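One structure is given here, and the rest of the page talks about it.
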Amino acid sequence: MTAWVFIVIGVMLTAAAIMALYRVIRGPSILDRMIASDMLLTTIICALSAEMVYNSHTRSLSAMLVLATTAFLGSVVVARYVSRNKHS
């Protein structure tokens, strides 16, 4: 692939990260913030993946695994918190 494809990918991932960060800050509810933080972590994982393809290495796989685990566990914790408070 040519370099301009990776530039376009970088611009699109940056725009997605900025929009997700805006939603994390603005809210309005905890569920909106959780979805946005999941989207932000997913965008970071995609950026790391694109960087690995561009530079032909696999050194970022452990960081991607940690980010994916953090996103999953964060979603589970918030879902349990919201479901417990809804029944009270």
Side-chain angles (χ1 to χ4, degrees):
M1 280 194 238
T2 58
W4 66 271
V5 173
F6 288 104
I7 291 171
V8 171
I9 291 170
V11 168
M12 292 174 68
L13 288 173
T14 301
I18 289 170
M19 288 187 278
L21 192 58
Y22 174 77
R23 183 49 54 195
V24 168
I25 293 169
R26 293 285 300 194
S29 71
I30 191 169
L31 292 176
D32 291 327
R33 288 185 167 106
M34 191 65 232
I35 291 169
S37 67
D38 279 345
M39 186 181 135
L40 183 61
L41 286 173
T42 302
T43 304
I44 292 170
I45 291 169
C46 289
L48 285 172
S49 301
E51 187 271 329
M52 284 183 359
V53 169
Y54 185 74
N55 291 320
S56 301
H57 70 81
T58 58
R59 292 186 297 268
S60 302
L61 282 175
S62 58
M64 291 169 56
L65 182 63
V66 168
L67 288 172
T69 304
T70 302
F72 170 73
L73 292 176
S75 295
V76 169
V77 168
V78 170
R80 289 182 60 105
Y81 172 76
V82 169
S83 69
R84 283 191 181 160
N85 285 340
K86 207 169 222 183
H87 292 125
S88 297

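Predicted, not measured: the structure shown is a model, and the values here were computed from it.
- Side-chain heavy atoms closer than 4.5 Å link hydrophobic residues (I, L, V, M, F, W, Y) into clusters, and following such links, even through other members, never connects V76 to L31.
- Using a 4.5 Å cut-off between side-chain heavy atoms of Ile, Leu, Val, Met, Phe, Trp and Tyr, with links allowed through other members, I30 and M39 fall into different hydrophobic clusters.
- Summarising the geometry of H57 relative to R59, their closest heavy-atom pair is ND1-N, 3.0 Å, with the distance given to 0.1 Å.
- Take S56 and apply the side chain to side chain donor-acceptor pair (under 3.5 Å) test, not counting sequence neighbours, and it matches no residue.
- Between the side chain of S60 and the backbone N or O of A63 there is no donor-acceptor pair closer than 3.5 Å.
- W4 and F6 fall within the same hydrophobic cluster, where Ile, Leu, Val, Met, Phe, Trp and Tyr residues are linked whenever their side-chain heavy atoms come under 4.5 Å apart, directly or through other members.
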Exercise. Apply the test side-chain contact (heavy atoms from CB on, under 4.5 Å) to residues R33 and R26: give CA-CA distance (whole Å), side-chain angles for both, the deciding distance (0.1 Å), then the verdict.
Key: CA-CA 8 Å; R33 288 185 167 106; R26 293 285 300 194; 6.0 Å; no
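- Among residues two or more places apart in sequence or in another chain, the ring-ring contact (aromatic ring centres under 6.0 Å, His included) test is passed with Y81 by none.
- Atom CZ of R80 and atom CG of N85 lie 12.5 Å apart (nearest 0.5 Å).
- Although no hydrogens or angles enter the test, the distance criterion places no donor-acceptor pair under 3.5 Å between the side chain of R23 and the main chain of A36.
- Distance CD1/I9 to OG1/T14: 11.5 Å, rounded to 0.5 Å.
- Cluster partners of L48, by chain and number: L21, I25, L40, L41, I44, I45, M52, L61, M64, L67. The rule joins Ile, Leu, Val, Met, Phe, Trp and Tyr whenever side-chain heavy atoms lie under 4.5 Å apart.
- Residue V77 is not grouped with residue M34 when hydrophobic side chains (ILVMFWY) are merged at heavy-atom distances under 4.5 angstrom, including chains of intermediate members.
- Linking ILVMFWY residues whenever their side-chain heavy atoms come closer than 4.5 Å, directly or via other members, leaves I35 and F72 in distinct clusters.
- In this structure the side chain of V5 reaches within 4.5 angstrom of the side chain of T2, judged on heavy atoms.
- Between D32 and G27, the closest heavy-atom pair is CB-O, 3.5 Å.
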